[in-house]
Amino acid sequence: MKARKKILDLLDKHKELSVKDISEHLMVSTQYIHRILKDLKEDGEILKIGTPPKTYYKINPSKKTKSSNNQLLTISYEKDLFLKDNFFVISDMGEILEGIAAFTYWCTKRNLPTNKTLDEFISTKEKYSKYYNSDKIVDGINKLRNTKGFENIYLDALLYFDFYAIERFGKTKIGSIMHYAKQAQNKMLMQILIDNVKTRFHRFISTHNFDAVGFVPPTIKREAQIMKFIEKKLEIPLPQIEIQKISNIIPIPQKSLSKLEERITNADNTFVVNSKQKFENILLIDDAVGSGATLNQISKKIKEKNIAKKITAIAIVGSFKGFDVITDI
C-alpha cells in the first residue's frame with residue numbers, strides 16, 4: 001500500500017494526528033511524512049490545523065462531500081490570475097484559501113456550480129469596473145457630496161482602493177482580508193493586507209504633492225490595532241500631523257451608529273487634531289470608509305485650525321452605498 005493511502009487511512013481512523021504520530025505509526029522519517037502531507041494538503045485531501053509546535057492534520061471534510069461539479073477546475077491562465085487577484089476566503093477551519101481553491105470552497109458551501117458561477121463573478125466584477133479611475137482607485141467624493149446630512153464637505157478628495165463588498169458575492173478580496181485581520185486582531189493577516197496595498201499607497205503618494213500625512217486613530221482598544229500596524233508598516237516618509245481619539249467612559253465606534261447625524265456628532269466631539277506646522281496638501285489615511293463622517297469632520301478641524309489648505313483622504317476599502325444603483329447585476 002502506498003504511503004499516501006496509508007496516511008489517509010490513518011487520519012480517517014484517528015481523526016487528527018501530528019507528523020510525529022504518523023511517523024511512529026508508519027515507521028518512516030518525519031521528513032518523508034512532511035513531503036507527502038504537503039502534497040495531500042495542496043490536493044485538498046487534508047487540512048492542517050493549529051500552529052507550531054501543536055500542529056495536526058485531518059481529513060478535509062469538504063473533500064468527502066464535494067460534488068463532482070465542484071472539483072478544482074482546470075481554468076485558463078487569465079481566469080486563474082483573475083481569481084488570485086480577486087478572491088480570498090478563510091475556511092471554517094481557519095485556513096487561508098486564495099484563487100480557484102477559495103472560489104471552489106465558496107461555491108461548495110452554497111451548493112453552486114463552480115464553472116458557471118465563476119463566469120458570473122467575472123461578469124459582476126466587470127460591471128463594477130466603471131467606478132474605478134485610470135489608477136484603479138474608487139473616487140468617492142461625489143458620493144460624499146451627494147449624501148444628505150452634511151452641512152459642508154471639507155475634504156477635497158475621497159478615494160479608496162476597493163469596495164468593501166459587492167452585490168451577491170459579498171466581501172472583495174481586500175475587504176475579506178481587512179475583516180478577518182481586524183476581527184481576529186491577527187498580525188499575519190494584517191501583514192497580508194499590507195503586502196496587497198503598500199505598493200499602491202506609495203505609487204499614489206509619488207504622483208501627488210503631499211507634504212504631510214495623518215492616520216485616523218482607532219476607536220476601540222484592542223491588543224493589535226490595525227491602524228497602528230498600517231501606520232508602522234507603510235513607512236511613509238512625510239511629516240505626520242497628530243490626530244487623537246478622545247474616548248468617553250464608553251467609547252462608541254462609528255459603525256455602531258445607524259444615523260449620519262449621530263456619526264457626525266460622534267466624530268466632531270471625539271477627535272482632536274494638533275500640529276505646530278502649516279501645510280499645503282495633507283493626506284489622511286484610514287482603513288475603511290463607511291459614511292465618510294469621520295474623515296470629513298477631521299478635515300473640518302484641520303481647516304478650522306489652518307493646518308492645511310487641501311486635504312485628500314484615502315482608505316483601503318469603502319462602502320458601495322451611495323453610488324449609482326447597478327440595475328443589471
Please state whether the rings of Tyr131 and Tyr128 are parallel, tilted or perpendicular, taking 30° and 60° as the class boundaries. tilted

Which class fits the ring pair Phe201 and Phe161: parallel under 30°, tilted 30 to 60°, perpendicular over 60°? perpendicular

Is there side-chain contact between Leu158 and Asp139, with at least one heavy-atom pair below 4.5 Å? no

Hey, mind stepping through Gln244 and Asn274 against side-chain contact (heavy atoms from CB on, under 4.5 Å) and telling me if it holds? CA-CA 8 Å; Gln244 292 181 312; Asn274 291 302; 3.9 Å; yes

Looking only at side chains, do Asp195 and Gln191 share a donor and an acceptor under 3.5 Å apart? yes

Check: Asp287 and Val317 side chains under 4.5 Å, non-hydrogen atoms: no

Begin with the C-alpha distance, continue with both residues' side-chain angles, and end with the deciding distance and a verdict on side-chain contact (heavy atoms from CB on, under 4.5 Å) for Glu45 and Asn60. CA-CA 5 Å; Glu45 297 282 355; Asn60 184 354; 6.0 Å; no

Nearest heavy-atom pair of Lys173 and Asp85: which atoms, and what distance? CD-O, 3.4 Å

Could you check whether any side-chain N or O of Ser123 sits under 3.5 Å from a backbone N or O of Glu120, counting only pairs where one atom can act as donor and the other as acceptor? no

Regarding Arg4 and Asp43, does a basic nitrogen lie under 4.0 Å from an acidic carboxylate oxygen? yes

So Phe323 and Val138, do their side chains get closer than 4.5 Å, heavy atoms only? yes

Any ion pair linking Glu95 and Lys41 (charged N to carboxylate O, less than 4.0 Å)? yes

So, does Asp80 use its side chain to make a donor-acceptor pair with the main chain of Tyr77 at under 3.5 Å? no

Can you tell me how the ring of Phe88 sits relative to the ring of Tyr180, calling it parallel under 30°, perpendicular over 60° and tilted otherwise? tilted

Judged by atom type as modelled, is there a donor-acceptor pair below 3.5 Å linking the side chain of Lys305 to the main-chain atoms of Val273? yes

Less than 4.5 Å apart, side chain to side chain, heavy atoms only: is that true for Thr199 and Arg203? yes

Under 3.5 Å, which donor-acceptor pairs link side chains of residues 290-298 to any protein atom two or more places apart or in another chain?
unit_1 : atom_1 : unit_2 : atom_2 : d
Ser291 : OG     : Ala293 : N      : 3.2
Thr294 : OG1    : Gln254 : NE2    : 2.9
Asn296 : OD1    : Tyr154 : N      : 2.8
Asn296 : OD1    : Leu155 : N      : 3.4
Asn296 : ND2    : Asn152 : O      : 3.0
Gln297 : NE2    : Asp268 : OD1    : 3.3

same_hphob_cluster(Met188, Ile49) at 4.5 Å side-chain heavy-atom cutoff: no

Can you tell if the side chain of Ile141 reaches within under 4.5 Å of the side chain of Asp156, non-hydrogen atoms only? no

If you measure from CG on Leu10 to CG on Asp21, what distance do you get to the nearest 0.5 Å? 9.5 Å

Nearest 0.5 Å please: distance from the CG atom of Asn186 over to the CD1 atom of Ile96. 7.5 Å

Can you tell me which residue among Ile316, Leu234, Thr312 is in a side chain to side chain contact (heavy atoms under 4.5 Å, CB included) with Ile285? Leu234

We want to know whether Tyr105 and Asp92 form a side-chain donor-acceptor pair, criterion being a heavy-atom distance below 3.5 angstrom. yes

Asp9 vs Lys5, salt bridge (charged side-chain N to carboxylate O under 4.0 Å, His left out): CA-CA, chis, key distance, verdict: CA-CA 6 Å; Asp9 287 345; Lys5 177 69 164 56; 2.9 Å; yes

Verify the neighbour count for atom NZ of Lys84: are there more than 12 heavy atoms of other residues, nucleotides or ligands below 6.0 Å? no

Report yes or no: does Arg110 contribute a side-chain atom to a donor-acceptor pair with the main-chain N or O of Trp106 at less than 3.5 Å? yes

Say whether, by atom type as modelled, one donor and one acceptor occur between the side chain of Lys143 and the main chain of Ser319 under 3.5 angstrom. yes

Quick check: do Met190 and Lys233 have side-chain heavy atoms less than 4.5 Å from each other? no

Looking at Phe229, is Lys187 sitting on its ring face, NZ or CZ under 6.0 Å from the six-membered ring centre and within 45 degrees of the normal? no

Any luck finding a side-chain donor-acceptor pair between Gln185 and Gln225 under 3.5 Å? no

Taking the ring of Phe121 and the ring of Phe82, is the distance between their centroids below 6.0 Å? yes

Assigning hydrophobic clusters by single linkage (Ile, Leu, Val, Met, Phe, Trp, Tyr; side-chain heavy-atom cutoff under 4.5 Å), is Ile137 placed with Ile174? yes

Residues Ile282 and Ala308: closest non-hydrogen pair is CD1-CB, 3.4 Å

Evaluate the criterion salt bridge (charged side-chain N to carboxylate O under 4.0 Å, His left out) for residue pair Lys79 and Asp119; output intermediate values, then yes/no. CA-CA 9 Å; Lys79 287 184 177 181; Asp119 289 337; 2.9 Å; yes

Under 3.5 Å, which donor-acceptor pairs link side chains of residues 29-38 to any protein atom two or more places apart or in another chain?
unit_1 : atom_1 : unit_2 : atom_2 : d
Ser29  : OG     : Tyr32  : N      : 3.2
Lys38  : NZ     : Glu42  : OE2    : 2.9

If we ignore hydrogens and angles and just use 3.5 Å, is the side chain of His208 paired with the main-chain N or O of Asn281 as donor and acceptor? no

Checking Lys245 against Phe271 for the side-chain contact (heavy atoms from CB on, under 4.5 Å) test, could you report, in this order, the C-alpha distance in whole Å, the side-chain angles of both residues, the deciding distance, and whether it holds? CA-CA 5 Å; Lys245 177 70 175 180; Phe271 286 99; 3.7 Å; yes

Exam field: side chain Thr207 to backbone Phe204, donor-acceptor pair closer than 3.5 Å: yes

For Asn133, is there any backbone N or O sitting under 3.5 Å from a side-chain donor or acceptor partner on Lys136? no

For Glu151, enumerate each residue passing the salt bridge (Lys or Arg N to Asp or Glu O under 4.0 Å) test, keeping only those at least two apart in sequence or located in another chain. none

Applying the 4.5 Å side-chain criterion to the ILVMFWY set and letting contacts propagate, would Phe169 and Ile177 be lumped into a single cluster? no

Near-ring test Tyr132/Phe163, centroid separation under 6.0 angstrom: yes

Using atom types as modelled and distance alone, determine if a side-chain donor or acceptor of Thr117 lies under 3.5 Å from a backbone N or O of Thr114. no

Backbone N/O of Val19 and side chain of Ser23: donor-acceptor pair under 3.5 Å: no

For side-chain contact (heavy atoms from CB on, under 4.5 Å), just list the numbers for Arg168 and Thr124, CA-CA rounded to whole Å, side-chain angles, deciding distance to a tenth of an Å, and then say yes or no. CA-CA 9 Å; Arg168 183 187 176 192; Thr124 300; 5.7 Å; no

Is it the case that atom NZ in Lys301 sees more than 12 heavy atoms from other parts of the structure closer than 6.0 Å? yes

